[in-house]
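One structure below.
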Amino acid sequence: MENNHPNTPAGGRAPIQFSDVPASRKAADVAQWLEEHKALRVVCLDLEGEGSFADVLVVAGANSVRHAQSLADGVAQLCREHNYEFLRTEGYATGQWILVDMNDVIVNIFQEPVRELYALEALWGHGSGKGTAAGQNSGE
């Protein structure tokens with residue numbers, strides 16, 4: 001079985017140890033990078049203690065399929081540069097909703113009609129009262 005982890009050296013094993021940066025800091029780094037690269041309405045949703053699948057959801061919009069794919073590629077590169085865990089992407093080929101799985105941080109990059117359809121901010125943000133725009137402190 002081939003090990004295709006992005007941090008794996010050619011012919012080697014994936015590193016066992018990743019950065020010990022908290023999920024909230026990783027999410028802030030990702031959100032800042034997304035905003036700098038023209039992602040639309042970037043929001044971080046704090047899920048710590050609410051779900052077992054992630055501590056933070058990052059939700060962002062893209063102008064086109066190519067823009068969404070470029071944003072996902074950039075997040076993967078950011079993970080490599082900062083030694084953040086990067087498990088996989090889903091939805092990359094269609095580019096309507098690209099999910100980047102960073103283990104404790106999940107990045108969702110949407111085309112606007114799809115974002116409105118799934119309304120993750122309403123599902124996770126308003127129900128918990130923990131949703132914040134990128135770069136803002138949630139006050140907790």
Given side chains that start at C-beta, do those of M102 and V58 come closer than 4.5 Å, heavy atoms only?
no
Side chain to side chain contact (heavy atoms under 4.5 Å, CB included) filter on A39, not counting sequence neighbours, yields L34, V42, A60, L71
Residues passing the ring-ring contact (aromatic ring centres under 6.0 Å, His included) test with W97, sequence neighbours excluded, are F110, Y118
Check: Transitively linked via ILVMFWY side-chain contacts under 4.5 Å: L47 with L99?
Finding: yes
query: Does the Q111 side chain pair with the main chain of G95, one donor and one acceptor, at a distance under 3.5 Å?
result: yes
Correct closest heavy-atom pair for V75 and V30 would be CG2-CG1, 4.1 Å
### Message
Side chains of E90 and I98, heavy atoms from C-beta outward: is any pair under 4.5 Å?
### Response
no
Sequence neighbours excluded, the answer for salt bridge (charged side-chain N to carboxylate O under 4.0 Å, His left out) partners of D73 is none
Using a distance-only test with no angle check, is there a side-chain donor-acceptor pair under 3.5 angstrom linking R66 and Q69? no
Q: For V59 and E121, run side chain to side chain contact (heavy atoms under 4.5 Å, CB included): C-alpha distance rounded to whole Å, both residues' side-chain angles, the deciding distance at 0.1 Å, then the answer.
A: CA-CA 8 Å; V59 181; E121 294 96 328; 3.6 Å; yes
Here the pair of heavy atoms bringing A72 nearest to V100 is CB-CG2, 4.1 Å
Applying side chain to side chain contact (heavy atoms under 4.5 Å, CB included) to N63 and not counting sequence neighbours gives L40, H67
Residue set satisfying salt bridge (charged side-chain N to carboxylate O under 4.0 Å, His left out) with E116, at least two apart, ordered chain then number -> none
Contacts satisfying salt bridge (Lys or Arg N to Asp or Glu O under 4.0 Å) that involve residues 96-106 (not counting sequence neighbours) are K26-D104, R88-D101
Rounding to 0.5 Å, atoms NE2 (H82) and CH2 (W33) come to a distance of 12.0 Å
